[in-house]
Number of protein chains: 2
Amino acid sequence: MAAVSESTKNKKDELEELALKYKALADPKRLEILNKICLKSSACVCDLTEEMDLPQSKLSYHLKILLNAGLLDKEARGTWSFYSINQREMDRLISNQICNVITPSC
Amino acid sequence: MAAVSESTKNKKDELEELALKYKALADPKRLEILNKICLKSSACVCDLTEEMDLPQSKLSYHLKILLNAGLLDKEARGTWSFYSINQREMDRLISNQICNVITPSC
DNA sequence: CTCCTTAATCAATTTTTTTTGATTAATAAA
DNA sequence: TTTATTAATCAAAAAAAATTGATTAAGGAG
């Protein structure tokens, strides 16, 4: 099957992909996760569990949503998973003004 | 009770308000509604019902969500309600690149 | 190997959102 | 006044998303 480039994506697919990304942003906890990760440059699940007082399974759940939407990158090191902001995707998606709220000085 | 300015809003409130706006954008139908309204400058519910092949109650439901998030303006004329894009809010929220997908040349 | 830590996943439940069809209210037209 | 049009709202049902606690798997330490 041929690769689908941006230019050959139809409007419907494009809007669906966009909606997925906004859905990932559509939760205050997930926005806070993005903010926390940004402030630490990179964070593992246990860091966030502690900082945000959320159970591990909930963190993993929300991180997966952000990861699937392409807003986070993940790097496994041993038993740890380190998550960081995909700044290119954030910049592509949201305004500078809002970027400064979610990922100040990132 | 005193008015709450942007500067006195705490981070929690700010993230919740932002999440509400992204929630409004987190649906391909609503993105399409924004796009359709933009292309016509202004549209009433019956226009959109016809163009998008959606029942009236569903349109009104989605329009209300977009309106509550501040992404649309509404003007009643007789029995009609005309909706238009709140471009200031769109610009404040999303990147130029994405603005061009949702509201091209608006 | 055994024990401990880390994090992903799972299944069941709860909560939220969306859909549907009907009703209501307001205005306009005949 | 009667009839038709427009759109908001409502209540019930369906669908989707989030929460919870437990289990699993993979590494690292002793």
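No experiment lies behind these values; they were computed from the predicted model shown. Reckoned from all heavy atoms, side chains included, excluding hydrogens, waters and symmetry mates. By convention in this document, chain letters (A, B, ...) are assigned in the order of the sequence lines, proteins followed by strands, and residues within each chain are numbered from 1.
Side-chain contact between A:Q87 and A:C99: present, with at least one pair of heavy atoms (C-beta onward) separated by less than 4.5 Å. Side-chain contact between A:N10 and A:D13 is present, with at least one heavy-atom pair separated by less than 4.5 Å. Taking 4.5 Å as the limit, every side-chain heavy atom of B:L25 sits out of range of all side-chain heavy atoms of A:L25. At least one side-chain heavy atom of A:L63 sits less than 4.5 Å from a side-chain heavy atom of A:I37. Two residues are said to be in side-chain contact when any heavy atoms from C-beta on lie closer than 4.5 Å; B:V45 and B:S60 meet this criterion. Here the side chains of B:L93 and A:I94 are not in contact, with every heavy-atom distance at 4.5 Å or above. A 4.5 Å side-chain heavy-atom check between B:W80 and B:D47 finds every atom pair outside the cut-off.
To the nearest 0.5 angstrom, B:K12 atom NZ is 13.0 Å from B:E17 atom CD.
Checked for salt-bridge contact, B:K11 and B:E14 miss the test: no charged N lies under 4.0 Å from a carboxylate O.
A nucleotide of DNA chain C counts as in contact with chain B when one of its atoms lies under 4.0 Å from a heavy atom; the first and last such, 5' to 3', are C:dT17 to C:dA28.
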Margin query: One character per nucleotide, please: for nucleotides 24-30 of chain D, 5' to 3', B when the base has a protein heavy atom closer than 4.0 Å, S when only the sugar-phosphate does, - otherwise.
Written below: --BBS--
Are any protein N/O atoms closer than 3.5 Å to N/O atoms in nucleotides 14-20 of chain D? If there are, list each pair with its distance.
{"residue": "D:dA17", "atom": "OP1", "partner": "A:K23", "partner atom": "NZ", "Å": "3.0"}
{"residue": "D:dA18", "atom": "OP1", "partner": "A:R30", "partner atom": "NH1", "Å": "3.3"}
{"residue": "D:dA18", "atom": "OP1", "partner": "A:R30", "partner atom": "NH2", "Å": "3.2"}
{"residue": "D:dA18", "atom": "OP2", "partner": "A:Y61", "partner atom": "OH", "Å": "2.6"}
{"residue": "D:dA18", "atom": "O5'", "partner": "A:Y61", "partner atom": "OH", "Å": "3.4"}
{"residue": "D:dT19", "atom": "OP1", "partner": "A:K29", "partner atom": "NZ", "Å": "2.8"}
{"residue": "D:dT19", "atom": "OP2", "partner": "A:H62", "partner atom": "NE2", "Å": "2.8"}
{"residue": "D:dT20", "atom": "OP2", "partner": "A:K58", "partner atom": "NZ", "Å": "2.6"}

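Under the 4.5 Å side-chain contact rule for hydrophobic residues, B:I85 and B:L66 share a cluster.
At whole-Å resolution of the value, CG in B:L63 and P in D:dT6 are 15 Å apart.
B:F82 comes within 4.0 angstrom of no nucleic acid atom, judged by non-hydrogen atoms across all strands. Across all strands shown, B:S81 has heavy atoms under 4.0 Å from sugar-phosphate atoms exclusively, and none from any base.
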